[in-house]
Amino acid sequence: MISRQSIIVAKWEFLRFFKWKQQLISYLLMMAVMAAVALWSYFTDESRKIYRIAVPAEFTISNTEQFQFQRPTIALDEQLAQLKAGESWHGVITLNTTESDQYSVVLHTLAAKKWQQQLETELADYFRQQYATKLQLTPAQLAQLQQPLALDYAYLDENFKGKDTPEKMIALGVLILLFIGLSTAFGQVLLSITGEKQQRVTEQLYAIVTPQQWMDGKVLGHSLSAMKAMLTSALVMLLVFIVVSVVIRDDGVNLSWLNWGVLAWLVPFALLGVLLSACFMGAIAASIDDPNTSGKGAVMMITWLPMLFTYLVIDSPTGTAMTILSWLPLTSFAAMPVKMAMVELPWWQPALSLLLLVAAVWWIRRVAGRIFLRGMQMYGKEPSWGQIVGWALSNKAD
Amino acid sequence: MQLIVTAISKDYGDIAAVRQVSFQINSGDIFALLGPNGAGKSSIIRMLVGMTRPDSGSILVSHQQEHYDHVPRRLLGYLPEDRGLYPDKSIEKNLLYLAQLHGLTKQKALQEMAHWLDVFELTERRSEDLKQLSKGNQQKVQLIAAVLHQPALVILDEPFSGLDPINQEKVVTFLKALKARGMTVILSAHQMAMVEKLADHMLLMAQGKAILAGTLADIKQQAGSQRQMVISCAGPVVAEQLQQWLPELEIDMQSSTRFVLKLTAAQNVSAILQQLVSQIELTQVEMQTADLHQLYLTAMAEHQLREQA
């Protein structure tokens with residue numbers, strides 16, 4: 001059970017980093033940056049301009065919205081001179097036919113610009129048509145050649161929900177949110193625990209609360225912070241979705257793709273995953289004496305691996321790798337929800353996986369408390385990895 | 001609250017930090033742990049706080065008919081040697097947090113806080129962040145944090161360090177107030193003048209061992225109750241001549257007319273004075289008793305000699 005002291009520590013830790021004003025400012029800044037990027041790309045969008053291109057007289061290419069093809073009667077040297085002077089044309093195209101009856105096209109311009117990529121596509125289409133004409137292909141035959149392969153999948157495993165289901169998108173969203181949450185927890189746990197050790201608050205606190213109460217409070221407080229970060233990010237994502245649907249696509253708000261059944265399972269897995277990771281981070285941070293000289297801080301990033309591993313096997317949800325990840329308590333919080341989103345599983349599988357995860361959280365929180373106590377007793381000496389493993393596996397009373 | 005420490009020892013690797021130290025502290029006493037740096041004071045304090053356990057020996061605590069083999073956290077107020085609170089939080093928030101961790105209600109914590117902030121003249125600054133305060137004021141906040149919950153036992157590791165003489169006096173007053181409230185206080189300090197004013201009992205340590213223990217009077221007796229007579233003469237006197245008249249005394253010459261005569265407990269002051277006035281004209285005679293600082297230095301020197309021998 002969580003003690004009253006742990007709850008006070010958790011509240012203190014949560015509120016220490018709970019800065020709505022700063023968070024609001026950062027969201028506003030983020031939106032301002034996004035708006036600036038959108039405005040910048042709007043004003044620098046070269047596709048909205050019309051470009052005049054001089055082409056040889058035999059070119060039968062048609063004008064498009066972006067390109068006007070002109071067939072000047074003056075000599076090439078004069079065309080190039082006018083191009084260089086910035087008059088008349090944005091580009092001059094010359095054409096050579098090689099011995100093997102291939103076209104060799106040269107685009108003369110002042111410098112490389114983005115619109116030239118679009119022109120390249122137009123030219124490619126034009127020359128494809130020219131070859132087709134040479135080969136006496138009908139437009140229908142040419143269109144058939146250009147048609148991509150229509151490959152549909154028919155899955156025989158009835159439990160497999162499909163490759164690109166809305167549930168998979170939700171699972172991916174949860175992976176992203178977990179990543180955001182754990183990144184928040186990573187910074188805060190490291191700062192809070194090592195900071196307190198450096199500011200010598202720990203000895204004072206030790207006389208008031210047990211190391212386990214202290215660690216429980218820390219883990220709970222920073223897990224709450226991580227969840228707050230995940231929740232606000234989810235709300236921002238939802239807000240962006242609504243804005244895109246209503247303002248940009250001019251559709252209504254349609255949230256029917258949200259599968260509440262899957263979401264109900266995702267939440268406990270995500271919460272326990274954050275707790276597990278925060279416990280692990282707490283244990284590592286508690287073993288660090290000075291974050292400026294210790295190399296242990298980077299080990300806390302291990303908590304990101306479950307998301308990465310899951311993402312790497314997301315397209316094989318019934319494979320062995322995903323099965324192992326979804327059962328292993330250290331990775332199940334990321335893998336099992338993804339698997340559940342894509343494969344129909346009997347209820348006992350996620351339930352058992354959740355139970356194993358609860359046991360892992362319980363064990364690692366005890367380890368974290370033990371490491372904090374032992375680390376503090378070393379007075380300025382950082383424990384070795386061997387000692388940490390020894391403490392983790394020890395059953396000695398604290 | 002009674003604390004009985006019996007033959008505790010603690011080693012850190014090859015270093016014997018504490019060796020067979022015993023003492024007893026009675027309820028409401030102020031007990032001082034004295035000794036140079038590295039003597040083992042903080043090691044004893046950490047064992048009392050429960051951060052480490054003695055390798056051997058025992059710590060017994062009795063409080064209101066209850067007995068414990070350690071000091072329970074709820075009875076303890078602690079000022080660690082390494083100070084530290086949250087510098088980016090206000091005095092009020094720091095104290096309230098620690099008080100609530102100690103189990104105080106917010107109302108009770110605010111009430112106690114108001115009292116102690118007033119004692120240390122910090123009431124006006126209660127909303128300021130700790131980092132804005134001087135080192136001395138931060139120390140005062142830390143002292144308040146140790147006693148807000150009215151613990152039965154207050155352990156203060158170097159409470160005078162970093163304080164100017166005026167604030168040191170304030171801490172003396174503060175400690176007397178704790179005693180008046182019935183709290184038992186254990187402190188470690190280097191400021192002998194302060195300890196002399198306060199401590200009911202003291203333990204002088206060196207290299208992990210107890211050298212002298214007891215009340216100030218006990219320690220003076222154990223240390224040979226050093227006394228000295230400072231004499232001023234009407235005219236110049238040759239030191240060798242003075243030594244011939246008083247061969248049993250150790251004499252320090254401060255000037256040709258001023259001498260310090262060191263007396264043992266057995267030596268008769270009247271006889272010495274008679275001997276002196278029969279030989280020379282004295283203008284001033286002053287009797288001095290060795291203070292704790294001198295006793296401490298003498299005891300440490302004797303300990304070193306014993307260790308070398």
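Proteins come first, then strands; the chains are lettered A, B, ... in the order of their sequence lines, and each starts at number 1. Everything numeric here is computed off the predicted structure, so don't read it as measured data.
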- Got a sec: does the CD of A:Gln22 have more than 12 other heavy atoms crowding it under 6.0 Å? yes
- Message: Would you say CE of A:Met237 has more than 12 non-hydrogen atoms from neighbouring residues, nucleotides or ligands within 6.0 angstrom?
- Response: yes
- For the residue pair A:Ile208 and B:Tyr78, establish whether any side-chain heavy-atom pair is separated by less than 4.5 Å. no
- Task: Examine B:Lys89 relative to A:Trp12 and say whether NZ or CZ is less than 6.0 Å from the centre of the six-membered ring and inside a 45° cone about the ring axis.
- Result: yes
- If one checks every heavy atom of A:Thr210 against chain B at 4.5 Å, the contacting part turns out to be both
- Item | Pick from B:Pro151, B:Ala146, B:Gly103, B:Ala145 with the largest number of heavy-atom pairs that fall under 4.5 Å of chain A | B:Gly103
- Query: If you count heavy-atom pairs under 4.5 Å with chain A, which of B:Arg74, B:Gln142, B:His149 comes out on top?
  - Reply: B:Gln142
- Query: Is chain B contacted by the side chain of A:Arg4, its backbone, both, or neither, given a heavy-atom distance below 4.5 Å?
  - Reply: side chain
- Message: For the residue pair A:Gln5 / B:Gln100, report whether a side-chain donor-acceptor contact shorter than 3.5 Å exists.
- Response: no
- Item | Least distance between heavy atoms, A:Pro211 atom then B:Arg73 atom | CD-NH2, 3.9 Å
- Message: If I compare all heavy atoms of A:Tyr206 with all of B:Val49, which pair ends up nearest, and what's the gap?
- Response: CE2-O, 4.2 Å
- Item | Closest contact, heavy atoms only, A:Glu203 versus B:Pro80 | OE2-CB, 3.7 Å
- Message: Can you tell me which portion of A:Glu196 sits under 4.5 Å from chain B's heavy atoms? Options are side chain, backbone, both or neither.
- Response: side chain
- Based on non-hydrogen pairs under 4.5 Å, which of A:Arg16, A:Gln204, A:Gln213, A:Lys11 is most in contact with chain B? A:Gln204
- Message: If you count heavy atoms of other groups shown closer than 6.0 angstrom to CG of A:Leu231, is the number above 12?
- Response: yes
- Inspect the surroundings of NZ in B:Lys93 and state if more than 12 heavy atoms from other residues, nucleotides or ligands are less than 6.0 Å away. no
- Query: Between A:Leu205 and chain B, which part of the residue has a heavy atom less than 4.5 Å away: side chain, backbone, both or neither?
  - Reply: side chain
- Item | Rounded distance (nearest 0.5 Å) linking atom CG of B:Leu96 with atom CD1 of A:Ile8 | 9.5 Å
- Hey, could you give me the CG/CE distance between A:Leu373 and B:Met51, rounded to the nearest 0.5 Å? 9.0 Å
- Query: Is it true that atom CE of A:Met30 has more than 12 heavy atoms of other residues, nucleotides or ligands lying nearer than 6.0 Å?
  - Reply: yes
